[in-house]
Amino acid sequence: MGKYLLRRILQMIPVVLGTTLLVYALVFALPGDPVKAMFGDKPVNEAVAAQIRAEYNLDKPFIVQYFLFLKNALSLNFGETFAGQPVISEIGRAFPVTIKLALMAFCFEAIFGCVFGVISGLKKGKWYDSVILIVSLLLISVPTFVTGFLGQYLLGVKWRILPVTAGSNPGFLDLLMPAMVLGSVSMAYIIRLARSEVSSNIAQDYVRTARAKGMTNTSVTFRHILRNSMIPVVTYLGQDLGALMGGAMITEQIFNIHGVGFLTYQSILKGEANMVVSVVTLLTLVFVVCNLLVDMLYAALDPRIRYA
């Protein structure tokens, strides 16, 4: 077990380095000059512009900028924004909002996705199975921004159940609708995945054997069918928790949530490579750690899995 954990942790290092290098290269390749953009419509003072480029290492080659970023990142010094604010402080203000939003979306998709998926799989062919499949297909087909605007109109404007926008310091009710919108597509995938696994495991020989031995239907369902059916679902959920935080950009723009997605979008427009790569680095770490935890859960769900 210890060797397996060590090997997985070592595998995380090239993943993080490769991701940050790729993102840094993409931001570096963006057209335009961020220093000139700071002057707006005013004439550019070349002396001041040169001083700013030297201060933020923008006058150095790409690879030098990248290695300077890595060197500073090891001490959690991600530099400063063009406005003179520490990057780590800006992330510290935005990250808790996105974590709260992602966790609410994760709970929403995990609970409702598993419940409806299991019901659909156990009662395959019934009318509510067909209804659940149709709703899940609609959620997958409709883009997130359409679902967001529909939710704002129906739940916020017309029925006045939930707030239309969240703002900079949102509470639980402010984030409830964005969390539902953010987790709706993943919930639909979980429903279809759980349904497929449950309906497949029902027909397995070990289920028939357990019933032949006289086990109750409840015991067979929880001890055999659900336990084996949840492995692919747990895998998907573990990967999706990191994806929810990274994919919250559209949702945060729709609901005016000042989280990591909102901050990243604004940083891309300004060409602030340090901010963008710092956010992506943290999101990558969240993603790989979630995958590691999922791998650790496999043995608990399936006794046949053992780590060499």
Side-chain angles (χ1 to χ4, degrees), residues 88-119 132 135-136 138-140 142-191 194 230 233-234 236-267 275 278-280 282-287 289-291 293-294 297:
I88 193 68
S89 299
E90 294 292 314
I91 295 176
R93 281 193 288 268
F95 219 75
V97 178
T98 300
I99 290 176
K100 203 185 325 182
L101 174 63
L103 288 177
M104 289 178 63
F106 180 82
C107 293
F108 171 77
E109 69 179 45
I111 295 172
F112 289 98
C114 290
V115 168
F116 288 124
V118 170
I119 292 173
I132 292 173
V135 172
S136 65
L138 284 173
L139 290 175
I140 294 172
V142 177
T144 303
F145 64 87
V146 175
T147 309
F149 288 132
L150 282 175
Q152 282 182 319
Y153 174 72
L154 295 175
L155 298 177
V157 177
K158 191 171 183 180
W159 298 332
R160 299 181 182 277
I161 300 175
L162 294 171
V164 178
T165 58
S168 57
N169 189 24
F172 177 80
L173 288 178
D174 298 319
L175 292 176
L176 186 56
M177 192 193 326
M180 293 166 60
V181 171
L182 181 61
S184 60
V185 176
S186 296
M187 181 191 71
Y189 281 115
I190 292 171
I191 288 173
M230 287 299 104
V233 176
V234 168
Y236 182 88
L237 285 171
Q239 295 176 344
D240 198 52
L241 180 57
L244 285 173
M245 297 187 66
M249 184 180 297
I250 296 176
T251 307
E252 290 183 357
Q253 291 293 321
I254 294 173
F255 294 96
N256 191 31
I257 302 172
H258 294 185
V260 169
F262 186 90
L263 179 64
T264 306
Y265 177 73
Q266 297 297 325
S267 301
M275 177 68 78
S278 302
V279 170
V280 171
L282 293 176
L283 293 178
T284 304
L285 289 173
V286 171
F287 189 84
V289 169
C290 288
N291 277 273
L293 294 177
V294 167
L297 286 174

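Quick note: residue numbers are just sequence positions, from 1. Please read all numbers here as calculations on a predicted model, not as lab measurements.
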query = Which distance, rounded to the nearest 0.5 Å, do you find between the CD1 of I111 and the CZ of F106?
reply = 9.5 Å
inquiry  = Could you report the tightest heavy-atom contact between C114 and V233, atom names first, then the distance?
reply    = SG-CG1, 3.8 Å
ask   = Roughly how far, to the nearest 0.5 Å, is CD of Q253 from CZ of F262?
value = 5.5 Å
inquiry  = Can you tell me how the ring of F108 sits relative to the ring of F112, calling it parallel under 30°, perpendicular over 60° and tilted otherwise?
reply    = tilted
key: Rounded distance (nearest 0.5 Å) linking atom OG1 of T264 with atom CD1 of I91   = 8.0 Å
query = If you take all heavy atoms of I191 and S136, which pair is closest and at what distance?
reply = CG2-CB, 4.4 Å
Donor-acceptor contacts under 3.5 Å from residues 169-188 side chains, at least two apart:
residue: D174; atom: OD2; partner: G171; partner atom: N; Å: 2.9
residue: S184; atom: OG; partner: V181; partner atom: O; Å: 2.8
residue: S186; atom: OG; partner: D240; partner atom: OD1; Å: 3.2
residue: S186; atom: OG; partner: D240; partner atom: OD2; Å: 2.8

query = So, T98 side chain and V260 main chain: donor-acceptor pair closer than 3.5 Å or not?
reply = yes
task = To the nearest 0.5 angstrom, please state how far the CG atom of L155 sits from the CG atom of L150.
result = 9.5 Å
ask   = Could you give the distance from CZ (F95) to CD1 (I88), rounded to the nearest 0.5 Å?
value = 9.5 Å
query = What is the distance from atom CD1 of I190 to atom CG of L237, rounded to the nearest 0.5 Å?
reply = 4.0 Å
ask   = How far apart are the closest heavy atoms of M275 and S267, and which atoms are they?
value = CG-OG, 2.8 Å
note = Taking every heavy atom of E90 against every heavy atom of L263, the minimum-distance pair comes out as O-CD2, 3.9 Å
inquiry  = So which atom in F116 and which in I132 form the shortest heavy-atom distance, rounded to 0.1 Å?
reply    = O-CD1, 3.7 Å
key: Closest non-hydrogen atom pair, A166 against I257   = CB-CG1, 3.5 Å
